[in-house]
Amino acid sequence: MDAVVKLFKAQAEHEERQRQAHKKSRKAAEDGQPTPRVEFPPLSDGSPRPSRADAEAAVRTLLAYMGEDPAREGLLDTPKRVIKAYDELFSGYREGGDESLDRTFGEIGTFDDMVLVRDIPFHSHCEHHMVPFYGKAHVAYFPVERVVGLSKIARVVDTFARRLQTQEHLTSQIVTTLDEGLRPRGVAVMIEAEHMCMSMRGITKAGVSTLTSQFTGVFRDDPAEQVRFMTMVRAGKA
């Protein structure tokens with residue numbers, strides 16, 4: 001139990017450091033100063049983050065572990081390609097989900113009903129096996145006087161998906177970011193995904209979908225709004 005508590009505490013501290021770094025970055029931009037680079041935090045034992053050369057060497061070690069020859073022609077540049085791909089696939093560690101919600105719009109007339117963005121495609125990686133999982137996210141919120149650009153909601157999903165994840169934590173992070181960033185009357189998030197760690201290995205059950213959902217505010221307190229959200233998500237689907 002102590003190990004679990006330490007794990008969640010370390011994760012919370014890591015995310016708080018990221019939020020603070022992004023706040024400093026935004027303030028510098030607003031003041032016309034050079035934007036400081038958001039650095040990765042040190043490892044839990046205080047040691048610095050491995051260098052790019054270290055990471056490429058680790059890929060060569062894995063290739064050898066598989067039984068491959070890292071020195072053969074087809075694999076000579078593979079370590080560089082893998083690390084370059086990781087820079088893109090895990091770019092969410094260099095981004096803060098809340099910065100996507102900085103700009104909102106107040107010209108919405110008397111609109112005060114649900115805003116739903118459904119079928120947002122995403123891909124992520126399971127933190128247990130580092131194998132991909134992918135699917136769609138459906139996100140809704142009840143605005144209070146102001147709305148956020150629809151693309152920003154998709155950006156929040158992408159930011160957290162481009163990290164090592166569990167689907168449950170991904171769902172929670174999207175909900176928390178929207179709830180804290182927009183202060184709406186409620187947020188609803190549903191994610192449906194297929195996990196390659198279940199279809200490619202282990203039990204090898206391809207085509208199995210995992211569904212997670214979380215609600216705040218009026219969505220949590222009013223079952224009718226949950227039903228309406230689900231109905232709108234499923235509308236037009238066979």
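All values reported here derive from a predicted model rather than from experimental measurement.
Both Met130 and Met66 are part of a single hydrophobic cluster, where members link through side-chain heavy atoms under 4.5 Å apart. Criterion: ILVMFWY side-chain heavy atoms under 4.5 Å apart, direct or through other members. Under it, Ile108 and Val115 are part of a common hydrophobic cluster. In the hydrophobic clustering of this structure, Val156 does not group with Tyr134; members are Ile, Leu, Val, Met, Phe, Trp, Tyr whose side-chain heavy atoms approach within less than 4.5 Å, directly or through other members. Hydrophobic clustering (ILVMFWY, side-chain heavy atoms < 4.5 Å, transitive): Ile174 and Leu150 are in one cluster.
Judged by distance alone, the side chain of Arg228 and the main-chain N or O of Ala224 form no donor-acceptor pair under 3.5 Å. At least one donor-acceptor pair under 3.5 Å links the side chain of Arg163 to the backbone N or O of Gly92. No donor-acceptor distance shorter than 3.5 angstrom exists from the side chain of Tyr141 to the backbone of Arg183, with no hydrogens or angles considered. At least one donor-acceptor pair closer than 3.5 Å links the side chain of Ser124 to the backbone N or O of Ala161. At distances below 3.5 Å, not a single donor-acceptor pair connects side-chain atoms of Glu194 with backbone N or O atoms of Thr210.
At least one side-chain heavy atom of Asp119 sits less than 4.5 Å from a side-chain heavy atom of His138. Side-chain atoms of Pro184 and Asp179, non-hydrogen and from C-beta on, do get closer than 4.5 Å to each other. The closest side-chain heavy-atom distance from Phe105 to Val148 is not below 4.5 Å. Here the side chains of Tyr93 and Arg162 are not in contact, with every heavy-atom distance at 4.5 Å or above. Using a 4.5 Å cut-off on side-chain heavy atoms (C-beta onward), Leu182 and Val187 make no contact. At least one side-chain heavy atom of Val117 sits less than 4.5 Å from a side-chain heavy atom of Ile120. Residues Glu127 and Thr166 have side chains in contact (heavy-atom distance under 4.5 Å, counting atoms from C-beta outward).
Taken from CD1 in Ile203 to SG in Cys197, the straight-line distance is 11.5 Å, to the nearest 0.5 Å. Annotation: the span from Gln173 atom CD to Leu178 atom CG amounts to 11.5 Å, rounded to 0.5 Å. Rounding to the nearest 0.5 Å places CD of Gln165 at 9.0 Å from OG1 of Thr171. To the nearest 0.5 Å, atom OG1 of residue Thr204 and atom CZ of residue Arg201 are 10.0 Å apart. Remark: Ser199 OG to Phe133 CZ distance equals 12.5 Å, nearest 0.5 Å. Atom NE2 of His195 is separated from atom NE2 of His125 by 12.5 Å, given to the nearest 0.5 angstrom.
Salt bridge Lys84/Glu88: absent, no basic N to carboxylate O contact under 4.0 Å. Under 4.0 Å is where a charged nitrogen must lie from a carboxylate oxygen, and between Asp158 and Lys152 no such pair does.
Judged by distance alone, the side chains of Ser209 and Glu192 never bring a donor and an acceptor atom under 3.5 Å apart. A donor-acceptor contact closer than 3.5 angstrom is absent between the side chains of Gln214 and Glu168.
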Mind running side chain to side chain contact (heavy atoms under 4.5 Å, CB included) on Val147 and Thr104 for me, showing each step along the way?
-> CA-CA 5 Å; Val147 297; Thr104 58; over 6 Å; no
I would like to know whether Leu89 and His123 meet side chain to side chain contact (heavy atoms under 4.5 Å, CB included); could you show each step before the answer?
-> CA-CA 9 Å; Leu89 294 173; His123 59 265; 4.0 Å; yes
Given Met198 and Val131, is the side chain to side chain contact (heavy atoms under 4.5 Å, CB included) satisfied, shown in steps?
-> CA-CA 9 Å; Met198 187 174 179; Val131 175; over 6 Å; no
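In this structure, Ala193 and Gln167 approach most closely via the heavy-atom pair CB-OE1, 3.5 Å. The minimum heavy-atom distance between Pro70 and Leu63, with the atom names listed, is CG-CB, 4.1 Å. Between Gly97 and Thr177 the shortest heavy-atom distance is C-CG2, 3.7 Å.
Each of Arg94, Glu95, Glu99 was checked for a side chain to side chain donor-acceptor pair (under 3.5 Å) with Thr159, and the lone residue meeting it is Glu95.
For Arg185, the CZ atom counts as densely surrounded, since its 6.0 Å shell holds more than 12 non-hydrogen atoms of other residues, nucleotides or ligands. More than 12 non-hydrogen atoms from other residues, nucleotides or ligands lie less than 6.0 angstrom from CZ of Phe111.
Not counting sequence neighbours, Asp221 has no partner by the side chain to side chain contact (heavy atoms under 4.5 Å, CB included) test.
Grouped by direct or indirect side-chain proximity (heavy atoms under 4.5 Å, Ile/Leu/Val/Met/Phe/Trp/Tyr only), Phe229 sits with Met114, Leu116, Phe142, Met190, Leu211, Phe215, Val218, Phe219, Met230, Met232, Val233.
Aromatic ring orientation, Phe90 versus Tyr86: perpendicular (interplanar angle above 60°, classes split at 30° and 60°).
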Listing, residues 52-61 side-chain donor-acceptor contacts under 3.5 Å, not counting sequence neighbours, or none:
unit_1, atom_1, unit_2, atom_2, d
Arg52, NH1, Asp87, OD2, 2.9
Arg52, NH2, Asp87, OD2, 2.8
Asp54, OD2, Ser51, N, 3.1
Asp54, OD2, Ser51, OG, 3.1
Thr61, OG1, Ala57, O, 3.1

